[in-house]
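Taking it in order: structure first as structure tokens, then the write-up.
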Amino acid sequence: MAQQKVLMVAEKPSIALSIASALSRGQMSTRRGSTDVHEFDGIFRGFQARFKVTSVIGHVFSVDFPSKFQDWGKTNPLDLFDAPITKTESNPKAHICRHLSQEARGCGHLVLWLDCDREGENICFEVIECTGFHTKEPRRMVYRARFSSVLDKDILKAMDNLVEPNGDEALAVDARQEIDLKVGVAFTRFQTTYFQGKYGNLDSRVISYGPCQTPTLGFCVQRHLQITTFKPEKFWVLRPYIIQNGYELQLEWERNKLFDEDVATMFQKLVMEDGILEVTEISEKQENKSRPSGLNTVNLLKVASSALGFGPQMAMQMAERLYTQGFISYPRTESTAYPSSFEFKGTLGALANNPTYGNDVQRLLTDGFQKPRVGTDAGDHPPITPMRSATEDMLDRDAWRLYQYVCQHFIGTVSPDCKYVRTKVEFSIGGESFHCTGQHVTVEGFTSVMPWLGVNERNLPRFMKGEKIEVSKVELYEGSTISPDYLSESEVISLMEKNGIGTDASIAVHINNICERNYVQVQAGRKLVPTALGITLIRGYQCIDPDLCLPDIRSFIEQQITLVANGQMNHSHVVQHVLQQFKQKFTYFIKQIENMDALFEAQFSPLADSGRALSKCGKCLRYMKYISVQPARMYCGTCEEVYYLPQKGTIKLYKELSCPLDNFELLIFSLPGPEGKSFPLCPYCYNNPPFEGVDTLFGAVKSSTSGKLGKGAGMPCFLCPHPTCRHSVIAQGVCACPECSGTLVLDPVSAPKWRLYCNMCSCLVFLPQGAHRISTTRERCPDCDTTIIEVDFNKKTTPLEDGATLYVGCILCDELLHSLVEVKHGKSFSRRMRGRGAGRGRGRGGGKRVDPKMSFRDF
DNA sequence: GCAAGGTC
């Protein structure tokens, strides 16, 4: 009988490697692919089999709207709730789907080793889809491996207990994806367009909304409001002092503090008049400070932020790296309880020879270690623990600090509790009670490895019950209540966790999101302080529909999709039900938006008032205003139109020239830096490319530089095929780019460092430096079809005989010009270009060819 | 240009 073939798929390459190593006992061969494929022979369900283990890289697909709904201008956000959605490959370049389909060929069995959570279950079905195992062929079997660690024994155990993938859990994730997409995108598009169209100084390109990010922002703003509405109150504290055995000691008042000065003063008088304290009680109490339970992701992130000063994003990246290097266990887990099978001895043993922790660990191994405190078992992965001993020189500084914490926490969980004796001495004077307390540690326990949690020793002088002591002074301290501080990042993480917002893996992303959108700023001590924009948004939701920014919005979604996961409700029924509710909220929100707008009006400046007059509108011939805050744009107050500009550069009026197509005055845009391009553009054409096909013709430009060009990634003059305009690619283009399919165009404002740049890539060519003027002519080289340029050399530096300055020629064929040309980025282009240019070359737009790409390329 | 969830 032919050998069976078994395909196994993990969620990420590192897990595929662990699985293959465990099942093959290290005897596998590995070949490269979209992700590595490990192969070996073994026994599968009693038969000889050939195993192939590979992986995906997280989700294979993500949801989006079909292209018809992608245009913000043409889609009513309300329609998004009922729009179809499509699943497309998350990372098309990785070709994961093709990879899986190829590897599945000839395999009779598929074993799914995705992470054991809902998302993993959903990815199982993505894999099934890609491999073609869903077509019901009875002989092709699908199995699900359930494992909670990548230890060999756990993998072997999972292999012996294969189950079926859980379709309901996968459907719950489908439901969440659709709800999150539709709700988030609809609200985001609506409020972005509404407010960006009205205010000039909103300092965020996108005014986003999301069921996780918005409640997270809500926490920060809530605290801000508590701070701003806080009213300090004065209070008074009575503080008697005594001198006992030569030490001065301040006693605490049983009443703590009083908010009435007269009453406090009265008590002070009573105490002073008495003047003698009597020791009324001395008590001792054994106190216990519990060791920690296992470390989960959220707690790791909190410690990283509050004690190590690492933001969650960075902490996760470091933890991930420590994990892939094998130093710590899987860092994404909700569980704080160790599984019953957990090998404490093995884990401790791994650290036995560690120079930093070896001593602590060996003591635990010989004296016996504690069973960890009970935690919660979320059923995902065990708590985060060290896996392998590391020393300081093996890791970079930050990674070492994080690793140290993981070790300390783990050792702490199996160490004894900390025990101490608390002594309280109580006094009476003038009818009032006071006390002082001392602490003495009897068992350091886990605090020896986590010293920052240690109990402070506080010694008290000796006292006898009934002893009488003279008061040395009685102070009436006046204090004032202080407002709470802004939430620290670590507190925000706690709140998110408590309210079920985000997952261990995504909490960091949401916090990052509200920072990037300029809703909050991270200030000293990693405090999250909301900005004017963040505050205005939340106050706006609060006055229209507070649900929108409350954490319950997430719990509601989670609770609904859990019904799907548990098989209690049908997937599409739940999706329709939830979307219906959000659609209603959305309609109401739009209707009430003016209430929110009133808050924006008070905080931000209307478009019409912001910016400075820069260039004339081609429609009304009045000046338009330049708004420099992102997104940079022009605003015509008369036509009430906004024209977006390329971002992250400077913009100027271009010699009061105007576009022959629409009469708008031209602008010149310059990217920063000595090598930043400068190019003219017409604000109207940039937003509304006038020539059909320019979009597709220059598709490469559109996608490759969209980051720089910003909104619309529109059509600057260097892409314009206008046949006669002086600024189009037809007039300014010189020759084909040696690097790509673009065209080298003259940078019109590059004097005196004249240069050509490619209109599609970063290729840069220096022309004769210091020239007075360089311009393109209408002539072209008879040999290579390159545009003839005219150079007006500087009188002092002219290379021409007799001090002549004017010179006309082809930069490729003319010896003199060619010797003065230098390629900055890109290959030497002389020979190649000559070869490519010869004979065919470019025709000018005015002539037979209007398509600049065809005329410049096509060699 | 948009969400949240994987992972890199």
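In what follows, every chain begins at residue 1, and chains take the letters A, B, ... in the order their sequences are listed. Heavy-atom basis, side chains included; hydrogens, waters and symmetry copies ignored.
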Mind checking [X] for me? I need base, sugar-phosphate or nothing, with any heavy atom below 4.0 Å counting as a touch.
{"X": "A:Q70", "value": "base"}
{"X": "A:G120", "value": "nothing"}
{"X": "A:R321", "value": "nothing"}
{"X": "A:F81", "value": "nothing"}
{"X": "A:V509", "value": "nothing"}
{"X": "A:R118", "value": "nothing"}

From [atom1] of [X] over to [atom2] of [N], roughly how many Å is that when rounded to an integer?
{"X": "A:L202", "N": "B:dG1", "atom1": "CG", "atom2": "C1'", "value": "15 Å"}
{"X": "A:Y323", "N": "B:dC8", "atom1": "OH", "atom2": "C1'", "value": "14 Å"}
{"X": "A:I507", "N": "B:dA4", "atom1": "CD1", "atom2": "C1'", "value": "13 Å"}
{"X": "A:N512", "N": "B:dA3", "atom1": "CG", "atom2": "P", "value": "12 Å"}
{"X": "A:E11", "N": "B:dG5", "atom1": "CD", "atom2": "P", "value": "14 Å"}
{"X": "A:Q325", "N": "B:dC8", "atom1": "CD", "atom2": "C1'", "value": "14 Å"}
{"X": "A:K93", "N": "B:dC8", "atom1": "NZ", "atom2": "C1'", "value": "14 Å"}
{"X": "A:Q313", "N": "B:dC8", "atom1": "CD", "atom2": "C1'", "value": "12 Å"}

task = Go through the structure and list residues passing salt bridge (Lys or Arg N to Asp or Glu O under 4.0 Å) with A:R554, not counting sequence neighbours.
result = A:D180, A:E558
Any [X] side-chain N or O less than 4.0 Å from OP1/OP2 of [N]:
{"X": "A:R517", "N": "B:dA3", "result": "yes"}
{"X": "A:R176", "N": "B:dG6", "result": "no"}
{"X": "A:S62", "N": "B:dA4", "result": "no"}
{"X": "A:T192", "N": "B:dC2", "result": "no"}

Does [X] pair with [Y] as a salt bridge, N-O distance under 4.0 Å?
{"X": "A:R176", "Y": "A:E119", "value": "yes"}
{"X": "A:K74", "Y": "A:D79", "value": "no"}
{"X": "A:E489", "Y": "A:K302", "value": "no"}
{"X": "A:K52", "Y": "A:E103", "value": "yes"}
{"X": "A:R146", "Y": "A:E121", "value": "yes"}
{"X": "A:K182", "Y": "A:D82", "value": "no"}
{"X": "A:K198", "Y": "A:D597", "value": "yes"}

[X], nearest nucleotide to its side chain (from [options]):
{"X": "A:E119", "options": "B:dG5, B:dC2, B:dA4", "answer": "B:dG5"}
{"X": "A:H59", "options": "B:dC8, B:dA3, B:dG6", "answer": "B:dG6"}
{"X": "A:D64", "options": "B:dG1, B:dG6, B:dC2", "answer": "B:dC2"}
{"X": "A:S90", "options": "B:dG6, B:dA3, B:dC8", "answer": "B:dG6"}

request  = Under the ring-ring contact (aromatic ring centres under 6.0 Å, His included) rule, what do A:Y541 and A:Y209 come out as? Steps first, then yes or no, please.
outcome  = CA-CA 11 Å; A:Y541 300 129; A:Y209 176 86; 5.6 Å; yes
task = Could you list by number each residue of residues 208-220 of chain A showing a heavy-atom separation from DNA chain B of less than 4.0 Å, or answer none if no residue does?
result = A:S208, A:Y209, A:G210, A:P211, A:C212, A:Q213
task = Would you mind telling me which residue lines up with the more 5' stretch of DNA chain B, A:Q177 or A:N91, judged by nearest nucleotide?
result = A:Q177
query = Does A:G73 or A:H510 map to a spot on DNA chain B nearer the 5' end, using the closest nucleotide for each?
reply = A:G73
